[in-house]
Visitor: 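Can you keep this structure in mind? I'll have questions shortly.
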Amino acid sequence: MAAARISISDAIAQILSGSVLLARDFYARTATEVARDCLGKILVHGSVAGRIVEVEAYLGVNDRAAHSWRGPTNRTRVTFGPPGHAYVYFIYGMHWCLNAVTGDPGEGGAVLLRAGAPVAGEEAMRANRRRPAPPRPGDLAGGPGKLCQALAVDRSFDGCRLDEGSLRLTVGEPVPPGAVAAGPRIGVAYAGEAAAWPLRFAIGGCLHVSRPRI
DNA sequence: CGGAAGATCCACT
DNA sequence: GTGGATCTTCCGA
């Protein structure tokens with residue numbers, strides 16, 4: 001039987017339905033592995049969806065750049081729990097950032113979802129962003145704070161599972177290894193040796209990756 | 001209990 | 001390229 005062609009709207013409907021959710025095992029690996037494999041996945045919230053194009057791995061207790069590096073606190077508690085949950089934190093007095101918890105309980109590993117390209121609900125994303133003028137192409141969700149704002153992610157999702165519920169990560173178009181760019185993480189200059197670790201991953205040349213580009 | 005810093009974003013020069 | 005916004009979190013006293 002020939003492969004069926006489906007319409008764009010059917011494809012979007014399928015994505016939004018979350019019918020190809022990532023299994024929980026997906027998250028039960030090192031943050032570095034999960035980060036790399038998060039590229040190309042679709043983050044869905046209600047009728048809005050974005051394709052993940054940039055991420056960072058945070059290794060946990062042995063990674064001075066990680067929030068969790070000194071052990072659990074009230075804020076980072078969820079990163080020490082089972083993988084596949086959301087770790088959402090508030091930063092600089094105004095932005096939310098979304099992570100996926102990775103690895104085994106007790107590690108404190110997580111993957112920061114840093115940027116996405118609109119897949120569905122682009123008008124809603126613009127409205128969520130509340131910019132006076134439409135942002136430049138690629139600026140709709142091109143940063144961790146922007147991604148959360150565009151997809152309306154906030155503290156209420158901290159600790160939620162990403163393999164079910166209204167906010168979830170689903171399978172998308174695979175990203176070939178040759179298309180992945182790696183570099184040091186953003187904004188972690190305080191982290192000593194860990195500041196230089198190449199744990200930032202992005203789809204090379206993608207317009208929606210945050211600045212500075214890798 | 002005070003203070004400093006922060007896994008950022010935006011406007012302005 | 002620089003600085004301001006804005007407030008939670010965490011550490012040290």
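These values consider heavy atoms only, across backbone and side chains, with no hydrogens, waters or symmetry-generated copies. So that the names make sense, note that chain A is the first sequence line, chain B the second, and so on, each numbered from 1.
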Visitor: In whole angstrom, what separates H95(A)'s NE2 from dC9(B)'s P?
Guide: 6 Å
Visitor: K146(A) side chain: which of dC11(C), dC10(B), dT8(B) is closest?
Guide: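 The closest nucleotide is dC10(B).
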Visitor: Of the candidate nucleotides dC10(B), dT9(C), dC10(C), which contains the atom at the shortest distance from the side chain of D139(A)?
Guide: dC10(B)
Visitor: Would you say a side-chain N or O of R70(A) is under 4.0 Å from OP1 or OP2 of dC11(C)?
Guide: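 For dC11(C), OP1 or OP2 has a side-chain N or O of R70(A) closer than 4.0 Å.
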Visitor: Tell me which nucleotide among dA11(B), dT9(C), dA7(B) gets nearest to the side chain of H67(A).
Guide: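 The nucleotide sitting nearest to the side chain is dA7(B).
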Visitor: How is R75(A) classified with respect to the nucleic acid when contacts are heavy atoms under 4.0 Å: base, sugar-phosphate, or nothing?
Guide: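 Sugar-phosphate, no base atom in range.
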Visitor: Is the distance from OP1 or OP2 of dC9(B) to the nearest side-chain N or O of R130(A) less than 4.0 Å?
Guide: no
Visitor: Report yes or no: does R129(A) contribute a side-chain atom to a donor-acceptor pair with the main-chain N or O of L151(A) at less than 3.5 Å?
Guide: no
Visitor: Please state whether the phosphate of dA7(B), meaning OP1 or OP2, lies under 4.0 angstrom from any side-chain nitrogen or oxygen of R200(A).
Guide: no
Visitor: Of the nucleotides dT9(C), dA7(B), dC10(C), which has the atom closest to the T76(A) side chain?
Guide: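 Looking only at side-chain atoms, T76(A) lies closest to dC10(C).
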Visitor: With respect to the side chain of R129(A), which nucleotide from dC10(B), dA5(C), dA7(B) is positioned closest?
Guide: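 Of the options given, the side chain of R129(A) lies nearest dC10(B).
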Visitor: Would you kindly give the CZ-to-C1' distance between F201(A) and dA7(B), to the nearest whole Å?
Guide: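 For the pair F201(A) CZ and dA7(B) C1', the rounded distance is 15 Å.
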Visitor: Can you tell which of dA5(C), dC7(C), dT8(B) lies closest to the side chain of I186(A)?
Guide: dT8(B)
